[in-house]
Amino acid sequence: MKRITILGSTGSVGRNALDIVSNHRDRFRVVALTAGRNIDLLEEQIKSFSPEVVAVADAVSARELQERMISHSSSLKILSGYDGIAEAASYEGSDLVLSAIVGAAGLIPTISAIHSGKMIGLANKEVLVMAGRIVTEEAKKYNVRILPVDSEHSAIFQCIEGHKSSDVRRIILTASGGPFVDMDISKLNDIKPEDALRHPSWQMGKKITIDSSTLMNKGFEMIEAYYLFNIQPEKIDVLIHPQSIVHSIVEFNDRSCIAQLSIPDMKGPIAYALSYPDRLAGVMEDLDLVRIESLNFRKPDNECFPCLSYAYKAMEYGGTMPSVLNAANEVAVDAFLKGMIRFVEIPVIIRKAMEDHVVMPDKELGVILEADRWARMKAQEVIKSLRKET
Ligand code: NDP
């Protein structure tokens, strides 16, 4: 029986993971859950999975949850705040921690789980974008395995297993391209949040859905691949593949390529990380290539979607620059979702924050967190100046 902690259980990845657990209760037991503020859903999850520990983002939500749980379970420990979530992440009764909080909020809990020696199923790519060097070094130090949950990285992991890393020539990350992949550049101006949230192939949380539509998500995934597989950015290519059937490709030195295919369903990669090295039966629907008929690939359009190239730039600068890329993007996406900026202003905000940043080495967590704080402030300033102009 594998004992599992889910960080971000109320999110899209977290809910998918719990669906998998509920179909395989003979293999998995949920021991700890964390959420932000959605205590209605967390309450349901507690009743269904009986974890030993839960944590929420703030004390008010924790108190409300405590009141609701009085008659249910006396042994449930309810924690709150940054420290509470980090404590739940390191809960000793767990074997594997699924890191699925969205954004920078997932960094400290993930490091806390690594420090407690748990195996990590990593969905939260921002953790590696911000602090990939530290996270991978700490994982090495604590002898912790990081299993990728992102579908592209799970694909690469599955293709690369059993091969020598020195035999890998190139990685091709595939991207659906999001809802605007074929849109004329002049039309990008009018995009509304509800348009950008209509992803053609994946059902995901709001932030990653917007990141997919700007191709920032693919930039983050390039950085994620660099840290997970130790492959230099120049050996990581991106191809738009609108069908989202080929989840990524590994090319070896002899030019042989191995790809992983399935229907687009996050249950596949989540289940593989939870059950690794085993595979669970029937997690996804059958892949019917005859019905799909054709698989298409083309290069991304960097003029319409510059965020991908900013991610390569951030890696060239190194140090704290990827953390700035991430923080400015988080602020810009949030502002776009709130209707404060236009879609095309997301890259403007990121670029301005990157241009004004003085890069520091990324050896200490404190320096990374300071760069994150600085970039959020900078991004807010840029948003204010953009609003003055309009
Ligand atoms: P969602 O927005 O659906 O869920 C985010 C989760 O994080 C929720 O449980 C939310 O809690 C919690 N959360 C948000 N802010 C905080 C905070 N400050 N403190 C504690 N918890 C918080 O995101 P997704 O599930 O879509 O994505 C999660 C991560 O996985 C992201 O990093 C994303 O890039 C990555 N990923 C997601 C994929 C997907 O298919 N969705 C695919 C590949 C990677 P609450 O709801 O209670 O507020």
Side-chain angles (χ1 to χ4, degrees), residues 5-20 32-46 54-62 64-65 79-89 97-110 112 120-130 135 147-155 173 175-176 178 197 199 201-214 216-221 223-225 228 244 247-248 264-273 284 326 329-330 333-334 337 372:
T5 294
I6 301 179
L7 309 178
S9 65
T10 48
S12 159
V13 171
R15 294 192 309 269
N16 270 312
L18 286 173
D19 277 353
I20 295 163
L33 296 174
T34 81
R37 294 188 175 79
N38 186 353
I39 55 168
D40 290 341
L41 181 54
L42 184 61
E43 181 185 356
E44 277 177 36
Q45 294 177 342
I46 293 167
V54 296
V56 289
D58 61 70
V60 176
S61 306
E64 164 80 30
L65 189 63
L79 304 164
S80 68
Y82 277 119
D83 292 346
I85 290 180
E87 189 181 331
V97 175
L98 180 66
S99 168
I101 293 174
V102 65
L107 177 61
I108 302 294
T110 305
S112 170
I120 308 287
L122 188 68
N124 180 317
K125 61 195 85 185
E126 295 92 340
V127 160
L128 289 181
V129 174
M130 289 178 78
V135 167
L147 299 169
V149 170
D150 220 348
S151 60
E152 294 76 2
H153 304 75
S154 175
L173 287 174
S176 70
L197 287 172
H199 196 282
S201 34
W202 297 97
Q203 295 291 322
M204 307 182 286
K206 284 185 180 175
K207 191 230 171 214
I208 185 176
T209 305
I210 302 300
D211 287 347
S212 296
S213 71
T214 60
M216 186 77 262
N217 184 48
K218 221 35 67 175
F220 287 164
E221 289 179 2
I223 300 173
E224 187 183 7
L228 285 174
S244 300
H247 298 302
S248 277
D265 182 348
M266 276 307 292
K267 286 216 173 73
I270 296 169
Y272 192 55
M284 295 179 280
N326 178 66
N329 179 64
E330 273 189 34
V333 169
D334 185 56
L337 284 170
D372 175 271

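Order of listing sets the numbers, starting from 1, for every ligand and every atom in it. Note that the numbering runs from 1 along the sequence shown for the chain.
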Reference residue Leu128; test side chain to side chain contact (heavy atoms under 4.5 Å, CB included); the match among Thr110, Leu228, Asn326, Ile223: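 Going through Thr110, Leu228, Asn326, Ile223 one by one, the side chain to side chain contact (heavy atoms under 4.5 Å, CB included) with Leu128 is satisfied by Leu228 alone.
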Test applied, side chain to side chain contact (heavy atoms under 4.5 Å, CB included); reference residue, Ser201; option that passes from Gln203, His199, Met204: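 In the set Gln203, His199, Met204, the residue that makes a side chain to side chain contact (heavy atoms under 4.5 Å, CB included) with Ser201 is His199.
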Please evaluate residues Glu224 and Glu152 with respect to the criterion side chain to side chain contact (heavy atoms under 4.5 Å, CB included), reporting the C-alpha separation (whole Å), side-chain torsions for both, the decisive distance (0.1 Å), and the verdict. CA-CA 10 Å; Glu224 187 183 7; Glu152 294 76 2; over 6 Å; no
With no hydrogens and no angle check, is any side-chain donor or acceptor of Ser61 less than 3.5 Å from a backbone partner on Arg37?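 Judged by distance alone, no pair lies under 3.5 Å.
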Side chains of Asp211 and Asn329 only: does a donor on one sit below 3.5 Å from an acceptor on the other?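 Note: Asp211 and Asn329 side chains meet the donor-acceptor criterion.
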Any side-chain donor near an acceptor of the partner, His247 and Ser154, under 3.5 Å: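 No - no donor-acceptor pair under 3.5 Å links their side chains.
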List the protein residues in contact with ligand 1, where contact means a heavy-atom separation under 4.0 angstrom.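 Residues Gly8, Ser9, Thr10, Gly11, Ser12, Val13, Ala35, Gly36, Arg37, Asn38, Ala57, Ile85, Ala100, Ile101, Val102, Ala105, Ala123, Asn124, Lys125, Glu126, Asp150, Met204, Gly205, Ile208, Met266 each place a heavy atom under 4.0 Å from ligand 1, listed by chain and number.
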